[in-house]
K.L.:
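My structure is below; once you've seen it, I'll send some questions.
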Amino acid sequence: MHDAHDDALITEFIADSLEHLGRVEPALLTLEENGSACDPDVVHQVFRAVHTIKGSSGFFGFHAIQDLSHAMENVLTKIREMELELDATQVDALLAGVDRLRQLLAAPTESNGMNIQHEIDRLKHSSGINGTVQETSSETESLPPERLPDVFPPELQGKAILRIEGNPPLDVLELALDLEGVFPWGSDFVYAVWVFPDKDLKEKDRTVEAFHGLLDSFGKCLASDLETTFPLKETGHVVFKTVLEPDFMEDALELPAAQIVPLEETDIQTAAAPAAEVSSTKAVPDETEAPPRVGPDQRESSLTQPDRSHETIRVNVSLLDTLMNLAGELVLGRNALKQRLELKGYEDPKLEAVMQDVEMISSVVKEHIMQMRMQPIGNILGRFKRMVRDFSRQVKKKVILTVKGGEVELDKSILEALSDPLTHLIRNSIDHGIEPPGERMALGKPERGVIDLQAFHEAGQVNLEIRDDGRGIDLNKVVAKAVAKGILTDTDAAVLSRRDQLNLICLPGFSTAESVTDLSGRGVGMDVVRNNIEKIGGHLEIDSVAGESTTIRIRLPLTLTIIPCLMVRAARRRFAIPQINVAELVGIQASEVYHRIEKVGGADVLRLRNRLLPLVRLADVLQLDREFMHPFSRDHISERRVRIADRRRENADGKGDRLNPEDLDNRRNRASDRRIRRQGDVYVVVLRLGMHYYGLLVDELFDMEEVVVEPLLHYIKDCRCFSGATIMGDGRVAMILDPAGIAEFSRLRFKEVSSEEDRRLEEKKRGELLHSAPKQSIILFNNHPDEYFAIPLDRVSRLETIAVDDIRKIGDREYMTLKGEGLPLLRLERMLPINAVPDLTNEIFVIIPKADTPTGGIVASRIVDFFETDVAIKQEPEMSREIAGSAMVGDQLTFFLDIDEVLASFKVLLGQPGVEG
Amino acid sequence: MAQFVTFRLDKQLLGIDLLRVREVNQVLDITPVQHARPYILGLVNLRGQTVVIFDLGICLGLKPAVMTDESHAIVLKDERVGLLVDRIGDVVQAEESEIEFSLADRGGMGIPFSKGVLKLKDDLLVILSAKKIIEQEVAEGNR
């Protein structure tokens, strides 16, 4: 009799069992790999999982499930008791059992009618068991003792190897522990901690030293295998003793609770007594014969302390989805609220504070909700190992799959969408990439091919790399095939870039496979894969070394939904740029535009400090200027469409109180017009694209906003420039830009620009060597106000000022009184073709150069400034000798005077005998 | 007994099965999506979700839509798509037997995607298959 309560229990049982099977499968593969040097813990783990399924199914009366699990259990018992060598036959049989169990679990109420004889026979055959299926009285079966007797020696000496198995994706922790540090235990807690270098250290900008320091500040690190050299590759493990309770550990270490496992004394003592049959396996939950649990997972040991730090609760996925949607709506609503408040001005000053509170709280809520949906990528990667094993045997090749970075987390929906494309890529590799063993050996490659799957974080995105060491892609063949299919003409083919050649593979209907096998080779592959990746907002790239390897790179957004964006305006449209891509913002005044923007190889480039940035004008890329101004409403309209709202206003209906988007925009723009923004100022958003940077030219910058991302519906996926859309606070839709797409679209030539950059740098260095002008102090002055001159400061004796009226004239010579003597005044315009000091000047400066005998003073209308400069002086041979050269000082063209020549010429003017120098 | 949402496009009276329609809305502020296919007018905000607006006129090979006060978008139930039409008409009821179904691709009046025609008092209603329209456009995209 099934009622609702039973149904809930059954659902629980199914979920539990599937989880067990999910762990059994990779464990079996691991066992197979390690051969007959069986890992007893893993065997035991598999055994217990199967045993649990058997027990629970018995409770419900699912006899088929019970019998099949029992048959599997028998095989495992034999293996465990070393009566059986583990090889492919057993693993095959066990895996077949797992598959069948899954099928049975899919419809448990009908499972008793399903035929399991085939699998049972296979299992019996593989283990040499004869006879009928044994009695399924699980109660009589005894398990090896789980617990050691309760009496322990209070203190233990020496070292012990502590071995803890983590719940996937955590691996096995195995560390040598100095027992003296552990005991006496007292009221402390001891934890086993897993640290992932990427996620926990690098991403959070923590060094290993800093982490150890953190541990030391809270307690005592008993053992650690965290590498201290970069780059960190392996997962690190730490055993750590502290007074902190489990509740605090997550915050203290800034690690997820799942990675911090409290240990008990018994665990350590078990490790210290190697004669014990069972090592502490923390991962597998209690396998009592009681009915399946409803509620939090129980731990196998009797806890003396409540350990809530990694308690989990199983939640219905649809509930999470609803929460996610609500989080999105919350952000939308909050943005709209904020906008309306800002429009009205905060009438009540306290409102602003309240708004900020709400803003912060909703952000945190959103983040936590998103966190709930994040799952480690290892969850789907694990099943590929099995697929590789099965499929490669099917096509008679030897292939192994290595997986790294399983702990990298992604939003659940992205993970789901990845499953199919990845499956296809891997099958492709096995089918077409990896050569048959004979061929590989002949080529000098190892007989077994390797498919390497790596997941890692980079530039705010999740990267997946699938690399096989197979044949690689023969680009010549690819191009030939494309020409043969009529996709390209011969002339087109000749000018294809390598990248374009590789991309040919992603065209629909394309395949250079000789024969059609199961899934791959039918030519429906790569374009669909790429499509699927792009649908979830990712990018796919292929690379290959012919004869050696093929690498597929996939970049994925972390989450679909809410990201911070910079809002910008180009022409009359607003766009959002994900903050992750924004490196820098540069404002260029109209006057500087000409100066700072140059052309390299026909493309616009911005000089930014030492770098040359390729520039793209957003309005050009999107052809926004095709919108023109409506003569009456003064609104921008695209060529053939008129916005309804305009007409509405003309009809002057005055309907309702709805916030007209027009008004909002007009209000905003009027406000910005009032701001001092000169015509022609431009803003450049410096975007980062992996290793490259480029500048996006826009007309206006707005704030950073958190936006709800709506993925691009697939009708508009052709638009490579966008990665999604969002609804802004005023209810209008804005497109979210995709920097990679824009770069691709504008065919940004990063290579050319960086070559030019290097070239200039070289030139600059060479230039500096030639006229290595050391830093010198100069005095900058005007004769005529528009003409600038410079004299080295160390050649100046003093500066004087004198009223024009006090200048004594004798004939055409001028003198000033200095210390009771007359000092001749030198007007530069008398020896150089320059302009004179204006007549109306009342006061002039006199620069008196150092000389053996006071020769004279140079007249200046204004002392501009004193500089220290290392600017290289450009020689001006056509100019008079008195000018040493010219250079730009600050913004001004300045003539540097050769003091000696000036004084010599002066003497000539004065009729004095000159000193030839 | 079937019901159809009827509308006019370039003077032609057309209809779509009521069951396929989520709602009919006046779309005020369409954000254009640059470089999209010609029949894509852009995106609108429908209660917090983005919906793509198709220019049904272009899909059918008729004249492109002109936005007026009367323009409406017929938002489909199963897709995030709204079909922009010049003018909305009444909901028309008819028995299946009254409809002349056609299997050919270009059924009544040489209009593509049509399922059949229904004779009304003073007019001829061409019934469109929303499903076919969507399928076609998706297929075109994958080309």
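Proteins come first, then strands; the chains are lettered A, B, ... in the order of their sequence lines, and each starts at number 1.
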K.L.:
With salt bridge (charged side-chain N to carboxylate O under 4.0 Å, His left out) as the test, pick out the partner of B:D29 among A:R732, A:R573, A:R574.
P.N.:
A:R732

K.L.:
Taking atom NZ of B:K77 as the centre, does the number of heavy atoms from other residues, nucleotides or ligands within less than 6.0 Å exceed 12?
P.N.:
yes

K.L.:
Measuring heavy-atom distances to chain A, does B:V44 have an atom under 4.5 Å in its side chain, in its backbone, in both, or in neither?
P.N.:
backbone

K.L.:
Testing the basics here: between B:T31 and A:M735, what is the closest heavy-atom pair and its distance to 0.1 Å?
P.N.:
CG2-CG, 4.4 Å

K.L.:
Pair A:F722, B:Q34 - check side-chain contact (heavy atoms from CB on, under 4.5 Å), show working.
P.N.:
CA-CA 9 Å; A:F722 304 120; B:Q34 290 79 14; 3.1 Å; yes

K.L.:
Which heavy atom of B:N45 sits nearest a heavy atom of A:V733, and at what distance?
P.N.:
N-CG2, 3.5 Å

K.L.:
What do you reckon, is CZ of B:R87 surrounded by more than 12 foreign heavy atoms closer than 6.0 Å?
P.N.:
no

